[in-house]
Amino acid sequence: QVQLVESGGGLLQAGGSLRLSCAASGSIFSINNMGWYRQAPGKERGLVARITSNGITNYADSVKGRFTISRDNAKNTVYLQMDSLKVEDTAVYYCNGLIRRNRVDTPTPYWGQGTQVTVSS
């Protein structure tokens with residue numbers, strides 16, 4: 001069993017900063033990519049940022065220069081530092097990890113339960 005648990009969401013004003021964390025636990029052999037996605041009301045879930053196991057990152061254009069993704073491989077944890085937040089960043093943020101449970105397992109995507117981020121004007 002593998003679990004991803006997010007934390008750090010909340011309500012804040014535009015221009016503020018927030019840091020999300022996501023810890024993976026359970027039967028884990030290795031984790032490839034880890035990432036953050038978000039879903040606003042009435043919209044589809046979309047990629048915010050992704051990081052490979054050796055630290056290569058990519059970002060959605062809407063968050064470049066404002067958000068920073070990082071990971072601690074020893075802790076199986078990924079972070080999302082969000083600065084200069086805008087009202088349009090309001091969404092439920094989901095953590096994703098591409099995880100192998102053993103040496104012969106196929107990398108499988110796992111999702112966290114989501115954490116709400118609300119930015120007011």
Side-chain angles (χ1 to χ4, degrees):
Q1 191 79 351
V2 173
Q3 283 190 318
L4 276 67
V5 178
E6 300 109 334
S7 60
L11 170 65
L12 73 166
Q13 290 190 324
S17 296
L18 206 59
R19 190 192 195 208
L20 305 182
S21 300
C22 171
S25 63
S27 180
I28 297 173
F29 174 75
S30 66
I31 304 178
N32 294 4
N33 296 348
M34 298 190 81
W36 290 95
Y37 291 71
R38 68 186 181 187
Q39 186 168 19
K43 295 188 177 181
E44 294 187 353
R45 189 178 302 187
L47 176 70
V48 176
R50 180 166 50 213
I51 184 168
T52 67
S53 57
N54 55 8
I56 298 172
T57 59
N58 66 290
Y59 297 90
D61 287 342
S62 59
V63 307
K64 282 181 181 176
R66 300 188 298 121
F67 290 11
T68 304
I69 189 171
S70 61
R71 66 189 283 176
D72 184 334
N73 291 332
K75 296 181 179 180
N76 289 335
T77 298
V78 62
Y79 307 95
L80 185 68
Q81 177 66 40
M82 304 186 291
D83 299 319
S84 302
L85 280 159
K86 304 177 181 180
V87 172
E88 50 264 43
D89 293 320
T90 295
V92 178
Y93 284 71
Y94 295 91
C95 171
N96 171 272
L98 202 59
I99 296 172
R100 297 171 64 193
R101 293 172 297 162
N102 53 61
R103 188 180 301 274
V104 299
D105 194 22
T106 300
T108 302
Y110 290 86
W111 293 91
Q113 80 286 354
T115 186
Q116 177 71 46
V117 173
T118 303
V119 184
S120 63
S121 58

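Atoms considered below: every heavy atom in the structure, side chains included; atoms not considered: hydrogens, waters and symmetry mates. Just so you know, residue 1 is the first one in the sequence shown, and it goes up from there.
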- Would I31 and R71 satisfy side-chain contact (heavy atoms from CB on, under 4.5 Å), going step by step from the backbone distance to the final call? CA-CA 11 Å; I31 304 178; R71 66 189 283 176; 3.8 Å; yes

- Derivation and outcome, side-chain contact (heavy atoms from CB on, under 4.5 Å), residues R38 and T90: CA-CA 9 Å; R38 68 186 181 187; T90 295; over 6 Å; no

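No side-chain donor-acceptor contact under 3.5 Å links S53 and N32.
Other residues, nucleotides and ligands place no more than 12 heavy atoms under 6.0 Å from the CZ atom of R101. The environment of Q3 atom CD is sparse: at most 12 non-hydrogen atoms of other residues, nucleotides or ligands sit within 6.0 angstrom. In this structure, E88 places its CD atom where more than 12 heavy-atom neighbours from other residues, nucleotides or ligands lie under 6.0 Å away.
Heavy atoms only, all atoms of each residue included: A91 and A40 are closest at CB-N, 3.9 Å. Closest of all the heavy-atom pairs between S120 and V87 is C-CG2, 4.0 Å. Taking both residues in full, the closest heavy atoms of D89 and S84 are given as OD2-O, 4.4 Å, listed atom of the first, atom of the second, then distance. Between V2 and S27 the shortest heavy-atom distance is CG2-O, 3.5 Å.
Each of V92 and L4 belongs to its own hydrophobic cluster when Ile, Leu, Val, Met, Phe, Trp and Tyr are linked at side-chain heavy-atom distances under 4.5 angstrom. Cluster membership for V63 and L85, using ILVMFWY side-chain heavy atoms within less than 4.5 angstrom, is shared. Cluster membership check: Y110 shares its hydrophobic cluster with L20, using side-chain heavy-atom separations under 4.5 Å among Ile, Leu, Val, Met, Phe, Trp and Tyr.
With rounding to the nearest 0.5 angstrom, the OG1 atom of T115 is 10.5 Å from the OH atom of Y93. One finds the CG atom of L47 at 9.0 Å from the CG atom of N96 (value rounded to the nearest 0.5 Å). In this structure, the separation between CG on L18 and OG1 on T118 is 10.0 Å, given to the nearest 0.5 Å. Rounding to the nearest 0.5 Å gives a distance of 8.5 Å between OG of S30 and CG of D105. Taking CZ of R66 as the start and CE of M82 as the end, the distance is 9.5 Å to the nearest 0.5 Å. In this structure, CE in M34 is found 8.5 Å from CG in N73, a value given to the nearest 0.5 Å.
Ring geometry for Y94 against W111 counts as perpendicular: the plane angle is over 60°, on a 0 to 90° scale with 30° as the lower cut.
The side-chain heavy atoms of T108 and L98, taken from C-beta on, include no pair separated by under 4.5 Å. Within the 4.5 Å cutoff, no side-chain heavy atoms of V48 are placed close to those of I69. Considering only heavy atoms from C-beta on, I51 stays 4.5 Å or farther from Y59 through its side chain. Residues T68 and Y79 fail the side-chain proximity criterion, which asks for heavy atoms closer than 4.5 Å. With contacts defined as side-chain heavy-atom distances shorter than 4.5 Å, the pair I99/N76 does not qualify.
Evaluation of the side-chain contact (heavy atoms from CB on, under 4.5 Å) rule for S7 yields S21 as partners, not counting sequence neighbours.
Between K64 and D61 there is a salt bridge, since at least one side-chain N of the basic residue sits less than 4.0 Å from a carboxylate O of the acidic one.
A donor-acceptor pair is defined here as one N or O able to donate and one able to accept, closer than 3.5 Å; such a pair exists between the side chain of E6 and the backbone of C95.
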